Amino acid sequence: MAKIEILQVYDYLHSIPELGFQEVKTSTFLAEQLQKFGYKVTTGVGKTGVIGEIKGQEPGPVLMLRADMDALPFTVDGKPEVRHACGHDSHCSMMLAAAAVLADKVRKGTLKILFQPAEEIGTGALAVIKDGALEGVDYILGLHNRPVQDIPDGTLTPAVNHSALAQVVIDIEGKSSHGARPHLGVNAAETAAVLTTAIMSIKLNPVKTWSCKVTAIQCGSVFNIIPEKAHMLVDCRAEDNTTIDEMLTKLQQAVDGIAVAMGAKIILTTPTGIIPAPQYDPEMVKLLADSIVAVAGKANYRAPITNPGGEDFHFFTRKYPKLKAGYLGVGAGATPGLHAVNMHLNKNSLQKGADVLVHAALKIIG
Ligand SMILES: [Zn+2]
Ligand SMILES: [Zn+2]
């Protein structure tokens, strides 16, 4: 049985944070390690992704285990800096530790380990799908560390119910004029204000969790010129795909109505598309639940959680509806929270996550 020192792997990956589609050092290291364990390795999947593959002696299903690799950009003391503030380094460490143990234990079917690029920018999963990485995969398991706000350090949950997420960009084009002659122009600032009120008035089923809010308005710079252009950002989240579709329809209606009312041209786009809500397979949720109890004991089991964050992992089931997906949450005490510039987690909690992955994987391909 191959074994790796998970803490050393974590420390190394933590020291080389790289942005989405730039995970060169990270993916090179992970590919070398997989090769060492005996996996057939493919690099350059979805630009910087890596897949390791091991086939068992007997026919059986294809199981994929997926971890994301990218870090986040910050400005620290006035200088740009990349940091692992979402803990994707911890995911690669858990996945690599699991891959090491599983390497000589695949009896039936095929095990594929996917190190995916660019989760944070929402396009990494789509890139690996485009390269055919998910073709023929029957089961997929993903994972994410959980912050202190979700579950206690050292506990694990068999499902993280993320939100569907859409990042909406709105561009308003009015008409400039002298501030003394506003009737000759179309005021983009006022149009943005009216549209903001309309967006804040959107109502969806209150039984569902959802939120729709304007997060940026850029427009104008002086007192006495009616501004011609405005640029708005709207962050949209909902617990399921139907609700986010409804929200976007209502947003478009607001845009169309206000464009007519104000006499402006307004264009709504979603450059990164809609990041879908999860569609977990109940069998996979149960498999992870059983594995958590078996590995970490009942006391460290936590019921599935709801989380307003998005995850591009859910493109896999949206593109391949028959794919059976599960997603493990590993309580690692991430403090003060994910995406905080000073986020830190308890690396001693990662081994449990790796052990649960191994346990669950062996039920399918062992
Ligand atoms: Zn993140
Ligand atoms: Zn993340």
Side-chain angles (χ1 to χ4, degrees), residues 9-10 13-14 16-23 26-27 30 46 48-50 65-76 81-96 114-128 140-151 153 156-157 159-167 211 215 235-237 272-278 280 304-316 325-347 349-350 353-354 357:
V9 170
Y10 173 79
L13 292 174
H14 195 69
I16 52 160
E18 296 168 296
L19 293 175
F21 294 126
Q22 297 171 34
E23 309 94 331
T26 306
S27 62
L30 294 166
T48 44
V50 176
L65 302 180
R66 173 271 200 182
D68 42 15
M69 298 189 288
D70 55 327
L72 286 157
F74 292 96
T75 302
V76 181
E81 203 174 303
V82 177
R83 288 191 182 183
H84 266 302
C86 204
H88 295 186
D89 46 355
S90 73
H91 308 161
C92 292
S93 311
M94 289 187 270
M95 197 57 79
L96 196 64
L114 166 65
F115 290 108
Q116 184 210 295
E119 189 282 325
E120 292 294 356
I121 51 177
T123 47
L126 291 172
V128 300
I140 188 164
L141 287 176
L143 84 171
H144 206 294
N145 77 86
R146 299 317 316 160
V148 285
Q149 294 86 0
D150 283 10
I151 51 173
D153 183 15
L156 302 109
T157 180
V160 181
N161 294 305
H162 298 104
S163 294
L165 166 67
Q167 296 179 324
S211 73
T215 50
D235 180 89
C236 301
R237 288 162 201 267
T272 51
I274 300 171
I275 295 180
Y280 297 134
I305 55 170
T306 296
N307 183 284
E311 225 304 3
D312 77 349
F313 178 84
H314 307 305
F315 277 119
F316 297 139
Y327 194 95
L328 175 69
V330 181
T335 314
L338 300 178
H339 291 204
V341 65
N342 58 343
M343 191 284 279
H344 57 281
L345 53 76
N346 180 10
K347 58 187 177 184
S349 298
L350 304 181
L357 278 179

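For ligands, and for the atoms within them, numbers begin at 1 and follow the listed sequence. Every value quoted in this text rests on a predicted model; they were computed, and no experiment measured them.
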Taking the Zn ion (ligand 1) as the vertex, what is the angle from OE2 of Glu120 to NE2 of His339, given to 10 degrees?
100°
Using a cut-off of strictly less than 2.8 Å, determine whether His144 has an N/O/S atom near the Zn ion (ligand 2).
yes
Backbone of Pro308 reached by a side-chain donor or acceptor of Arg237 within 3.5 Å:
yes
Angle at the Zn ion (ligand 2): provide the value between NE2 of His88 and SG of Cys86, rounding to 10 degrees.
100°
In terms of ring plane angle, is the pair Phe316 and Phe313 parallel, tilted or perpendicular, where the classes change at 30° and 60°?
perpendicular
Are Tyr280 and His314 close enough that their ring centers fall under 6.0 Å?
yes
Is a salt bridge present between Asp312 and Arg66, judged by a nitrogen-to-oxygen distance below 4.0 Å?
yes
